Amino acid sequence: MPVLHLYNSLHRKKEAFEPITPGHVGLYVCGPTVSGESHLGHARPYITFDVVNRYLQHLGYRVRYVRNITDAGHFEEEGREAEDKVAEKAKLEQLEPMELVHKYTSLFHKGMHLFNTLEPSIEPTATGHIIEQITMIEGLIAKGYAYEVNGSVYFDVKKYAEGHNYGELSGRVMEDLLETTRELEGQDEKRNKVDFALWKAAPPQHIMRWKSPWGEGFPGWHIECSAMSAKYLGTQFDIHGGGMDLQFPHHESEIAQSTIAHGCAPARYWMHNNMITINGKKMGKSYNNVIKLSELFSGNHPMLEQAYHPMVVRFYILQTHYRSTLDFSNEALQASEKALKRLWEAKEELQKLTNESPVTDNSTSDAEQKVVKLLGELEGFMADDFNTAQVLANFFEMVPVINALKNGQLPKDAISAASLAQMKESFTRYLEDILGLQGMQQNTDSSKLDKVIAILGDIRRDARKRKDFATSDAIRDKLAQDGILLKDEKDGSVSYTLQ
RNA sequence: GGUCGCGUAGCCGAGCGGUUAGGCACAGCUCUGCAAAAGCUGCUACAGCGGUUCGAGUCCGCUCGCGACCUCCA
């Protein structure tokens, strides 16, 4: 089995993956802020890291996958009058903060389920770890890298940078940061503009608030991930993932505070997925161009020409490498829908294929050689920084072979029994287990419908034998009007698909 | 303004110095009572200009265009 190489954002190059503890992987991924409904952009990291999780397990690792829920709410803009995002929206919607947070957490879970992502091992919430966060902040103050002002606590970035490389992950330069950080109100509390909040004093109108050694307040934006990853994965763990937009300042700050608090950098490998764009622009709240997951699945959005099945979205995301931007368009989604359907039909046909003449020597058959080559490349593609696009391309190259075998355009024994078995195994292992894809058919019991169609199919077949095409076409056309598409197979049988 | 990244055929997208990526669309052919599906064939591109090399989407430089981050952001 090839060695897994992954692109480490920390060093900006691909590196061989070596876990800290042999056989085990600690994986932390920044989860959603549940102050609103998840959108298409959010789907990318969770699907990307779901595949990372699945592939690591395929390699035999025992993975502890921690993905947090940010439910504490952060202030809108650093330094500006602290406004708890969650509290603000709760007022608008006349809801309790926790009610709101629960609602969006549930919706998030529903979306993740529809995308067929495996559940994380632990899904800690920020509100459930206030004590851990306070403890960590106290440690930072004790070490002289954090200071309290008016009930708020800030991390002293300039001091940190004297002995450490602040900007290592994101490529920032301290001098630049000191120059370009925006001039904002309330900056005077901080010793330097680059300092970031660990704890914020809560103004009176703030709904979410906790007691702390510095008065009532709420945690700063970065501390939860550091506190929770250390608690569940250890002060140093293997992989930390998230969207590219979190690289700075979120992840950079995590590194700084964890390094001081624990005496070591938190993660050895940092992975960042690229953004989903729409008309070339990043999909994001601030651009006002988001398509929420529920809108995507229902088609209920001005930019959507139709509804898209969650599996189509998953497939569409996996067709692109996770570090490339991925541009949304109806055309692209529709292409993915057709492609996934074709791939899945071939996958199902494959399982029915048999080679009754296993003794035939067909090692020189073109198809056989092609299949052997395509199958052999899969593991290497995945091991090369999770190149799901190449994996899918190889499977698509096997589709014509499967269809040709099925339709008799290739002799039954063109593929050896051994290769056929390997194909069946690989289609299931890679497409289902590793890429987490599923068919798009509803899981409803269709056995009764199968029988009805079989009867109609028999009637139609008899009519065709009598050259009574008026009857045979009527059956097909009427069913088609109700979205049941009949197909005459080469062997004389009739199959159907639902639209 | 600073830092980083991208620009591949009609569209979406792999590619990390030497072979047809793949998908969707389109055209032709085969099969078919007709459809549909399927198979085969075709369309063969790397923003521009220089450079390195026997050989460059692939490395280097410059130019143009686009984007991300620097503010909550997946």
Side-chain angles (χ1 to χ4, degrees), chain A residues 12 14 29-33 35 38-49 70 73-80 83 85 167 170-173 175-177 179-182 184 194 221 241-250 252 272-277 280-287 290 315-316 319-321 323-329 331-340 342-343 345-346 349 381 384 387-397 399-404 406-410 464 467-469 472-473 476-477 480 485-490 495 497:
Chain A
R12 262 148 259 155
K14 283 185 201 168
V29 174
C30 289
T33 302
S35 59
S38 299
H39 57 77
L40 175 58
H42 295 111
R44 176 107 101 143
Y46 307 125
I47 288 172
T48 297
F49 289 104
T70 298
H74 296 308
F75 40 85
E76 285 288 348
E77 276 185 329
E78 190 179 359
R80 190 171 285 185
E83 283 182 318
K85 212 194 249 177
S170 58
R172 300 298 130 139
V173 182
E175 292 76 57
D176 295 343
L177 289 171
E179 277 172 27
T180 57
T181 297
R182 275 212 261 162
L184 299 164
V194 285
W221 7 323
M244 250 178 202
D245 49 355
L246 296 181
Q247 209 166 2
F248 189 90
H250 185 57
E252 195 72 60
H272 292 97
N273 62 276
N274 214 135
M275 302 292 102
I276 287 184
T277 59
K281 279 258 192 297
K282 173 186 167 185
M283 185 178 287
K285 280 170 236 165
S286 38
Y287 295 98
V290 302
F315 175 83
Y316 158 75
Q319 252 189 324
T320 306
H321 187 87
R323 283 191 287 111
S324 298
T325 54
L326 172 55
D327 198 56
F328 167 86
S329 70
E331 210 179 353
L333 262 306
Q334 283 159 12
S336 289
E337 183 178 271
K338 285 182 187 169
L340 176 60
R342 197 166 100 95
L343 180 67
E345 278 174 10
E349 289 304 328
F381 287 156
D384 183 15
N387 201 326
T388 56
Q390 283 188 318
V391 168
L392 285 170
N394 271 27
F395 278 104
F396 272 104
E397 288 204 65
V399 168
V401 176
I402 294 166
N403 286 328
K406 175 200 165 204
N407 293 333
Q409 287 141 331
L410 269 178
R464 289 175 67 210
K467 307 244 184 246
D468 177 9
F469 298 122
S472 67
D473 287 354
R476 187 176 64 198
D477 295 345
L485 306 179
L486 288 190
K487 203 159 86 178
D488 298 327
E489 298 295 345
K490 295 265 191 233
S495 68
T497 53

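Fair warning: this is a prediction, and the values are worked out from it, not measured in the lab. Chain letters run A, B, ... following the sequence lines, proteins first, then strands; residues in each count from 1.
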**Item:** Selected nucleotide, minimal atom distance to A:Asp327 side chain, candidates B:rG39, B:rG13, B:rA68
**Value:** B:rG13

**Prompt:** What are the two closest heavy atoms between A:Ser38 and A:His42, and how far apart are they?
**Reply:** CA-ND1, 3.5 Å

**Asked** Can you tell me how far C1' in B:rC46 sits from the matching atom in B:rU58, rounded to whole Å?
**Response** 10 Å

**Item:** Shortest side-chain distance from A:Val399, nucleotide among B:rC73, B:rG39, B:rA35
**Value:** B:rG39

**Asked** Does A:Lys285 place a side-chain N or O at less than 4.0 Å from the phosphate oxygens OP1/OP2 of B:rA74?
**Response** yes

**Request:** Establish whether the base of B:rC34 is bridged to the side chain of A:Asp488 by a donor-acceptor pair shorter than 3.5 Å.
**Result:** yes

**Closest heavy-atom pair and its distance - A:Phe381, A:Val391** = CB-CG2, 3.7 Å

**Euclidean distance, atom CG of residue A:Asn274 to atom P of B:rG67 [Å, nearest integer]** = 14 Å

**Prompt:** Applying the side chain to side chain donor-acceptor pair (under 3.5 Å) test to A:Asp245, which of A:His272, A:Lys282, A:His250 qualifies?
**Reply:** A:Lys282

**Message:** How close do A:His39 and A:Val290 get, counting heavy atoms only, and between which atoms?
**Reply:** CD2-CG1, 3.7 Å

**Request:** Could you pick out which residue, A:Leu485 or A:Asp245, lies toward the 5' side of RNA chain B when each is mapped onto its nearest nucleotide?
**Result:** A:Leu485

**Asked** With a 4.0 Å cut-off on heavy atoms, is A:Leu486 in touch with a base, just the backbone sugar-phosphate, or nothing at all?
**Response** base

**Request:** Apply salt bridge (Lys or Arg N to Asp or Glu O under 4.0 Å) to A:Asp477 and list each qualifying residue two or more places apart in sequence or on a separate chain.
**Result:** none

**Asked** To the nearest angstrom, how far is A:Arg323 atom CZ from B:rC16 atom P?
**Response** 12 Å

**Asked** With sugar-phosphate meaning primed atoms plus P, OP1 and OP2, does A:Phe381 contact a base, only sugar-phosphate, or nothing at under 4.0 Å between heavy atoms?
**Response** nothing

**Prompt:** With sugar-phosphate meaning primed atoms plus P, OP1 and OP2, does A:Met275 contact a base, only sugar-phosphate, or nothing at under 4.0 Å between heavy atoms?
**Reply:** base

**Distance, P atom - from B:rC40 to B:rA45, rounded to whole angstrom** = 23 Å

**Message:** For A:Val399 and A:Leu343: C-alpha separation, side-chain torsions, deciding distance, then whether side-chain contact (heavy atoms from CB on, under 4.5 Å) applies.
**Reply:** CA-CA 7 Å; A:Val399 168; A:Leu343 180 67; 3.8 Å; yes

**Asked** Which part of the nucleic acid, if any, lies within contact of A:Tyr316, taking any heavy atom under 4.0 Å across all strands shown: a base, the sugar-phosphate backbone alone, or nothing?
**Response** nothing

**Prompt:** Between atom NZ in A:Lys282 and atom P in B:rG5, what is the gap in whole Å?
**Reply:** 18 Å

**Fill in**
Scoring nucleotides 18-27 of chain B by protein non-hydrogen atoms under 4.0 Å (B base, S sugar-phosphate only, - none) yields ---BSSSS--

**Message:** Given 3.5 Å as the limit, does a donor-acceptor pair link the side chain of A:Glu252 with the main chain of A:Ser170, or not?
**Reply:** yes

**Prompt:** Can you check whether A:Lys487 has a side-chain N or O nearer than 4.0 Å to OP1 or OP2 of B:rA38?
**Reply:** no

**Asked** If you measure from the P atom in B:rG1 to the same atom in B:rG51, how many Å do you get, rounded?
**Response** 30 Å

**Request:** Looking at every strand, decide which applies to A:Asn273 at a 4.0 Å heavy-atom threshold: base, sugar-phosphate, or nothing.
**Result:** base

**Message:** Regarding A:Leu333, tell me which of base, sugar-phosphate or nothing describes its non-hydrogen contacts under 4.0 Å with the strands shown.
**Reply:** nothing

**Request:** Taking atom P in both B:rU53 and B:rG13, compute the distance separating them and give it to the nearest angstrom.
**Result:** 36 Å

**Prompt:** For A:Arg476 and B:rU32, what is the distance between atoms CZ and C1' respectively, to the nearest whole Å?
**Reply:** 10 Å

**Request:** Please evaluate the base of B:rC4 for a donor-acceptor partner in the side chain of A:Arg172 within a cut-off of under 3.5 Å?
**Result:** no

**Request:** Please indicate yes or no: is the ring centre of A:Phe469 less than 5.5 Å from the centre of the six-membered base ring of B:rG33, with the two planes inclined by under 30 degrees?
**Result:** yes

**Asked** Between A:Tyr316 and A:Phe328, which heavy-atom pair has the shortest distance, and what is it?
**Response** OH-CA, 3.1 Å

**Asked** Roughly, in whole Å, what's the span from NZ in A:Lys281 to P in B:rC66?
**Response** 9 Å

**Request:** Pick base, sugar-phosphate or nothing for A:Ser324, based on heavy-atom distances below 4.0 Å to the nucleic acid.
**Result:** sugar-phosphate

**Request:** Provide, to the nearest angstrom, the distance between the NE2 atom belonging to A:His321 and the P atom belonging to B:rU8.
**Result:** 18 Å

**Request:** With rounding to the nearest 0.5 Å, note down the distance linking CD in A:Glu345 to CG in A:Leu340.
**Result:** 10.0 Å

**Request:** Remember a base hit wins even if backbone is also touched, and classify A:Gly171 as base, sugar-phosphate or nothing at under 4.0 Å, heavy atoms.
**Result:** sugar-phosphate

**Message:** Quick check for you: to the nearest 0.5 Å, what is the distance between A:Thr325 atom OG1 and A:Lys281 atom NZ?
**Reply:** 12.5 Å

**Sugar-phosphate, base or nothing in reach of A:Leu246, heavy atoms under 4.0 Å** = sugar-phosphate

**Prompt:** Checking only heavy atoms, does the side chain of A:Thr325 share a donor-acceptor pair with the base of B:rC6 at less than 3.5 Å?
**Reply:** no

**Message:** I'd like the P distance from B:rG23 over to B:rA37, given in whole Å.
**Reply:** 16 Å

**Prompt:** Closer to the 5' end of RNA chain B via nearest nucleotide, is it A:Gly31 or A:Ala332?
**Reply:** A:Ala332

**Asked** NA contact type, A:His272, heavy-atom cut-off 4.0 Å: base, sugar-phosphate, or nothing?
**Response** nothing

**Request:** Look at A:Asn407 and B:rA37 and indicate whether a side-chain polar atom (N or O) is within less than 4.0 Å of OP1 or OP2.
**Result:** no

**Complete:** Separation between CG (A:Asn407) and CD (A:Glu489), nearest 0.5 Å, reads 7.0 Å

**Nearest-0.5 Å distance, OG of residue A:Ser495 to CG of residue A:Leu486** = 8.0 Å

**Asked** How many Å lie between CG on A:Leu343 and P on B:rA37, as a whole number?
**Response** 17 Å

**Asked** Got a second to check how far A:Thr388's OG1 is from A:Gln319's CD, nearest 0.5 Å?
**Response** 9.0 Å

**Request:** Mark yes or no for a side-chain to base donor-acceptor pair under 3.5 Å between A:Arg44 and B:rA74, with no hydrogen or angle criteria applied.
**Result:** no

**Whole-Å gap separating P (B:rG13) and CZ (A:Phe328)** = 12 Å

**Request:** Tell me what A:Asp477 touches on the nucleic acid: a base, only sugar-phosphate, or nothing, going by heavy atoms under 4.0 Å.
**Result:** nothing

**Request:** Name the nucleic acid region contacted by A:Thr320, choosing base, sugar-phosphate or nothing; use a 4.0 angstrom heavy-atom cut-off, strictly under.
**Result:** sugar-phosphate

**Prompt:** Which part of the nucleic acid, if any, lies within contact of A:Lys406, taking any heavy atom under 4.0 Å across all strands shown: a base, the sugar-phosphate backbone alone, or nothing?
**Reply:** nothing

**Message:** Show me the dot-bracket string of RNA chain B, counting Watson-Crick or G-U pairs under 3.5 Å, with | for pairs to another strand and [ ] for crossing ones.
**Reply:** ((((((((.[[[..)..(...]]].(((((.......)))))....[[[[[..)....]]]]])))))))....

**Asked** Using the P atom in both, what is the distance from B:rC60 to B:rU52, to the nearest Å?
**Response** 15 Å

**Request:** Enter syn or anti for the glycosidic conformation of B:rG5, syn applying to angles within 90° of 0.
**Result:** anti

